[in-house]
2 protein chains.
Amino acid sequence: MNISISQENYLKSILKLEASDGVATNQALAQNMESTPAAVTGMLRKLMKEGLIEYEAYHGARLTESGKHHALLTIRKHRLWEVFLVEKLNFPWDSVHSLAEELEHVGDEAFVNRLDEFLNHPVFDPHGDPIPDAKGVMRERPNLIPSNLAEVGDVFVVCGVVDSSSEFLRHLNQLGVKLGKSFQVYKRYAFDGSSEWKGNQGRLVTLSSHVSEKILIQLQS
Amino acid sequence: MNISISQENYLKSILKLEASDGVATNQALAQNMESTPAAVTGMLRKLMKEGLIEYEAYHGARLTESGKHHALLTIRKHRLWEVFLVEKLNFPWDSVHSLAEELEHVGDEAFVNRLDEFLNHPVFDPHGDPIPDAKGVMRERPNLIPSNLAEVGDVFVVCGVVDSSSEFLRHLNQLGVKLGKSFQVYKRYAFDGSSEWKGNQGRLVTLSSHVSEKILIQLQS
DNA sequence: AATATTTTTTAATCAAGCCTAAAAATTAAG
DNA sequence: CTTAATTTTTAGGCTTGATTAAAAAATATT
Ligand SMILES: [Mn+2]
Ligand SMILES: [Mn+2]
Ligand SMILES: [Mn+2]
Ligand SMILES: [Mn+2]
């Protein structure tokens, strides 16, 4: 009962789709995996046979306890490797995803737990996403909201992103927006929903609504 | 012109066989890769078509410059990961080989070079094997000899092993033989070629010829 | 040189994962 | 309720890297 790389990637996708849509449909998976519906059908049957998902034709797939556990452990590996790459190897946060995508399939639990210890049990990855613990329990992030919901005058800390693509993250680099940095909403333009933020040194940043929707923040009390 | 995991493993095997036998024969490769002669033939043709080896049927294979470069870079990755696993994650030296065997196929040159820097450019791996530099140049080890060639009275430092299997390394653990430790040959039994060594605290260790042949040492002037 | 032995190659199969195109099932619309 | 549109499955193929068994080629032996 060994899980292949491809199977692990499917499990991760199903977990994500289940969280957002309640169920992972064939179509959504095909898009997510950049594959075809026919290929998805074949894989779903395999995953069902191995007890990793429950699957009803035409009604989509859901992870079993076992499948969920494997998916969370894969995510744990992925995010711990991202922490390693950024903290220890000094990679920029916009260039670690694809490498972590490979590393997440290497090694067993003992290995990941040693990595976790070496990194001092980090709780969030470089993109602010929570790292599941050794038992596969995902820590919940406290009440983050998309930054476009903040009102003029609000002070907040940037805590996460909805989009971890290198294109988006490089854009944030150019704007000087990083995790942990705090800003105050300075203006909001009703016309296009764009906003202006004031940084700590008083520097102003302008963000399109498209961008600010993808930034997760925590309001300061 | 992407090199698969299997191809990288073949290149490593060919490099090793070329060093010991001058050429990598089909048969030797089949043994080394735990595969069959038929499978080897197929792979050698693929490697030749990609310009990684020169291959003449019935006369074996040799690496081209390109093939040699790839083989050495794979070995570089393997050994750097072993250093990481032992030095940073505190794995024992007898349990890192299989993990490194997976990790050596992940990531590109930039990645390995950052790992190298993080580890402070180590020159030897945990088994005393030299780590090729960023250009793929193997550093040569200075005049190591198998420990069975040392004579009674000789003082030496353990610098390497010929066999990196976990069985052998665990046996050395039990005997208290580690890299960097120094001993003096105390006795040699002509009957079976076994030897007795005296350690620093005067403790005696007995080694079969089978074992002492696999330990590489440097004689103290 | 002729035969026997070893080594290598060919040929036919397999399994995992993917693909495209056609058929079938389901859901949506009239 | 019947037809149309969408979604999913089946069927047939492809690629990579294996396997076994038989054929062919190269060595070794007499
Ligand atoms: Mn990632
Ligand atoms: Mn991440
Ligand atoms: Mn090794
Ligand atoms: Mn080693």
Side-chain angles (χ1 to χ4, degrees), chain A residues 1-14 17-18 20-63 67 70-71 74 98 101-102 104-106, chain B residues 1-14 17-18 20-63 67 70-71 74 98 101-102 104-106:
Chain A
M1 220 257 244
N2 246 351
I3 303 182
S4 72
I5 291 177
S6 187
Q7 288 177 345
E8 284 186 346
N9 287 330
Y10 268 89
L11 293 180
K12 279 205 308 172
S13 265
I14 295 168
L17 289 170
E18 227 182 304
S20 64
D21 309 352
V23 68
T25 64
N26 185 308
Q27 198 191 33
L29 276 169
Q31 263 193 270
N32 228 284
M33 302 295 296
E34 292 177 315
S35 179
T36 60
V40 171
T41 298
M43 182 55 85
L44 290 181
R45 297 226 281 218
K46 216 169 295 174
L47 293 173
M48 186 169 53
K49 206 160 63 189
E50 299 187 15
L52 296 164
I53 63 171
E54 281 169 29
Y55 171 49
E56 205 184 338
Y58 293 94
H59 290 280
R62 280 190 190 77
L63 296 173
H70 281 291
T74 305
S98 64
E101 206 61 46
E102 294 185 64
E104 72 188 3
H105 306 293
V106 173
Chain B
M1 222 257 241
N2 247 350
I3 302 181
S4 72
I5 291 178
S6 188
Q7 288 176 347
E8 284 187 348
N9 287 329
Y10 268 91
L11 293 179
K12 280 205 306 172
S13 265
I14 294 168
L17 290 170
E18 226 182 303
S20 66
D21 308 352
V23 69
T25 64
N26 184 310
Q27 198 190 35
L29 275 168
Q31 264 193 268
N32 228 284
M33 301 295 298
E34 292 178 316
S35 180
T36 59
V40 171
T41 299
M43 183 56 85
L44 290 182
R45 298 228 278 215
K46 214 168 298 175
L47 293 173
M48 186 169 51
K49 207 161 60 187
E50 300 189 12
L52 296 164
I53 63 170
E54 279 168 31
Y55 172 49
E56 206 185 338
Y58 294 94
H59 290 280
R62 281 188 189 79
L63 295 174
H70 280 291
T74 305
S98 64
E101 206 60 47
E102 295 185 64
E104 73 188 1
H105 306 293
V106 174

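The chains referred to below are lettered A, B, ... by the order of the sequence lines, with proteins before strands, and numbering in each begins at 1.
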Are A:L11 and A:T74 close enough that some pair of their side-chain heavy atoms sits under 4.5 Å apart? no
Below 4.0 angstrom from OP1 or OP2 of D:dG17, is there any side-chain N or O of B:S6? no
Looking at C:dC19, I'd like to know if its phosphate oxygens (OP1 or OP2) sit under 4.0 Å from a side-chain N or O belonging to A:S35. yes
If the cut-off is 4.0 Å, is A:Y10 near the phosphate of C:dA16, judged by side-chain N/O to OP1 or OP2? no
Look at A:K46 and C:dA16 and indicate whether a side-chain polar atom (N or O) is within less than 4.0 Å of OP1 or OP2. no
Would one find a side-chain N or O of A:H59 under 4.0 angstrom from OP1 or OP2 of D:dT8? no
If you look at every strand shown and take non-hydrogen atoms under 4.0 Å, does B:T41 touch a base, only sugar-phosphate, or nothing? base
Find out whether B:M33 and B:N9 are in side-chain contact, i.e. whether some heavy atom of one side chain is under 4.5 Å from a heavy atom of the other. yes
Considering non-hydrogen atoms only, spot the tightest contact between A:S13 and A:L29 and give its length. CB-CD2, 3.7 Å
Which residue lies more 5' along DNA chain C, comparing A:M33 with A:A57 via nearest heavy atoms: A:M33
Please determine whether a side-chain nitrogen or oxygen atom of B:S4 lies at a distance below 4.0 Å from atom OP1 or OP2 of D:dG17. yes
Checking all strands, does B:A39 fall into the base, sugar-phosphate, or nothing category for heavy-atom contacts under 4.0 angstrom? base
With a 4.0 Å limit, can you tell me whether B:Y55 has a side-chain N or O closer than that to the phosphate oxygens OP1/OP2 of C:dT9? yes
Side-chain N or O of A:R45 closer than 4.0 Å to phosphate OP1/OP2 of C:dA16: no
